Amino acid sequence: MQFQSLNIIEPILKSLKEEGYTTPTPIQAQAIPIVLQGTDLLGCAQTGTGKTAAFAIPILQLLSANKVYHRRKKIRSLIVTPTRELAIQIGESFTAYGRHTGLTNTVIFGGVGQNPQVNTLKNGVDILIATPGRLLDLMNQGHLSLKDVEIFVLDEADRMLDMGFIHDVKKLLLALPKKRQSLFFSATMPPEIVKLASTILINPSKVSVTPVSSTVDIIKQYVYFVDKGNKNLLLLEILKDKNIKTALVFSRTKHGADKVVKFLLNHNIKAEAIHGNKAQNARQRALTNFKAQTTRILVATDIAARGIDVDDLEYVINYEMSNIPETYVHRIGRTGRAGAKGTAISFCDAEEKEYLRDVEKLISKKLEVIDNHPFPLIDHNPVKAPKHQQGRRNTGHARPKPNGNTGQKKWFDKPRTSR
Ligand code: AMP
């Protein structure tokens, strides 16, 4: 199927061609006709499936078809999304797909001064992309009104709930016109989400693509068992592979992310961190450098990485396993996007083995074990410490034990599935 067969108007087809899109992804093929009909939509899809275009394309088309002339543009579509990075990326998508439509968009989010955002809003805009807190804040200050919104999108609703934005979302709903079209997207549909959706949508059509476990099927996934204290050295070893042009490395904590960056910089590997303690412009700069491949390694925490969308990102490295198995899926979903190649590498120390088990249960598959590496896990079955010493962890200074394979073979040669 081609985009032409979805009855998309010429100015949008033109920009899709410029973006290099030819075939709609499954969520786009399903959602675009529904949204164009003016029907509410409940979409179960995660980032990486092309869901942004699934709502941005028909919104641009509907707003173009039904041009409204005001002396000053009014907000006719509102997209609410949980993180600044996602908001920026959605804004970039609207700009790209809508560049021949004459429709304008702007993005607002917290953590930066509000004045530039207020000034842009003063000039008027057709499409507003926002995170909930800043949106409510500017609305309460009287800088924007939602009374002309025709199409409302709630993006990543499950994340919104996880991040504690549910009350903000409920407040926002009160400011929206009753007569509107609403689109609701969530990667998962737990009962609270279904309940929230029912308060927003009227007779929605439902579309669902790639349940969590099937998106991960296209991504090659490896696990290295390694002592906590050797993870830095293992990372360095893996990065000797020059085929790894860039990699997104996940760390559980902000402090941990900074430490990994420092270590890599000390070993002449260009790395930057992206996490909540960094100012918004520093995060944006790091992301831009990473996209331009002037920074080879971006080390991110989970919240900061939400929505990072880097075309052709091939490698994701889980420096630490997350204790939440769904997080693994979100992390590795940064790679292998829209059918591209993807490789996910996880470092698992003795204490993280139970997290690995949870991940494998969730995705119903075993990660391939790479054990021909120079830093094998020594602490396989940690002996229980006497009571008075319990609570102390592996000091993490186990010395690397080269196993004779160093540098001879590629890191992914001869994987074994035993553990
Ligand atoms: P999303 O799920 O919206 O974050 O999109 C994931 C990635 O897929 C983004 O990098 C998009 O630019 C890309 N993408 C979306 N739709 C298509 C398409 N039809 N053809 C090729 N790439 C696409």
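Every number for a ligand or one of its atoms is a count from 1 in the order of the listing. Residue numbers start at 1 and run along the sequence shown. The shown structure was predicted, so the numbers you read here are calculated from the model rather than taken from an experiment. What's counted below: heavy atoms across the whole structure, side chains too, no hydrogens, waters or symmetry copies.
Here is the list of ligand 1 atoms found below 4.0 Å of a heavy atom in T52: 1 (P), 3 (O), 4 (O). Proximity to T23 (heavy-atom distance under 4.0 Å) selects the following atoms of ligand 1: 18 (C), 19 (N), 20 (N). Every atom of ligand 1 with a heavy atom of F3 under 4.0 Å away is listed here by number and element: 19 (N).
Side-chain contact check for K245 versus E314: every heavy-atom pair is 4.5 Å or farther apart. Between I151 and F55 the shortest side-chain heavy-atom distance does not fall below 4.5 Å.
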Sequence neighbours excluded and cut-off under 3.5 Å, please list the side-chain donor-acceptor pairs for residues 98-106, or say none.
{"unit_1": "R99", "atom_1": "NH1", "unit_2": "E18", "atom_2": "OE1", "d": "2.5"}
{"unit_1": "R99", "atom_1": "NH2", "unit_2": "E19", "atom_2": "OE2", "d": "2.8"}
{"unit_1": "H100", "atom_1": "NE2", "unit_2": "E18", "atom_2": "OE1", "d": "3.0"}
{"unit_1": "H100", "atom_1": "NE2", "unit_2": "E18", "atom_2": "OE2", "d": "3.1"}
{"unit_1": "T101", "atom_1": "OG1", "unit_2": "G98", "atom_2": "O", "d": "2.7"}
{"unit_1": "T101", "atom_1": "OG1", "unit_2": "L103", "atom_2": "N", "d": "3.2"}
{"unit_1": "T104", "atom_1": "OG1", "unit_2": "D126", "atom_2": "N", "d": "3.2"}
{"unit_1": "T104", "atom_1": "OG1", "unit_2": "D126", "atom_2": "OD2", "d": "3.3"}
{"unit_1": "N105", "atom_1": "ND2", "unit_2": "T95", "atom_2": "OG1", "d": "2.9"}

Distance-only donor-acceptor hits, side chain of residues 173-180, under 3.5 Å, sequence neighbours excluded:
{"unit_1": "R180", "atom_1": "NE", "unit_2": "S182", "atom_2": "OG", "d": "2.7"}
{"unit_1": "R180", "atom_1": "NH1", "unit_2": "P177", "atom_2": "O", "d": "3.3"}
{"unit_1": "R180", "atom_1": "NH2", "unit_2": "I200", "atom_2": "O", "d": "3.2"}

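For ligand 1, the polar-atom distance check finds an N/O of Y21 within less than 3.5 Å of one of the ligand's N/O atoms. Remark: ligand 1 and Y97 share no N or O pair separated by less than 3.5 Å (distance only, no angle test). Residue contacts with ligand 1: G50 is placed with a nitrogen or oxygen under 3.5 Å of a nitrogen or oxygen of the ligand (distance criterion only).
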_M321 and D358: CA distance, side-chain angles, deciding distance, side chain to side chain contact (heavy atoms under 4.5 Å, CB included) verdict_ = CA-CA 10 Å; M321 300 294 295; D358 292 344; over 6 Å; no
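Within 6.0 Å of the NZ atom in K291, the count of heavy atoms belonging to other residues, nucleotides or ligands exceeds 12.
Only side-chain heavy atoms of Q28 come within less than 4.0 Å of ligand 1; its backbone N, CA, C and O stay farther off.
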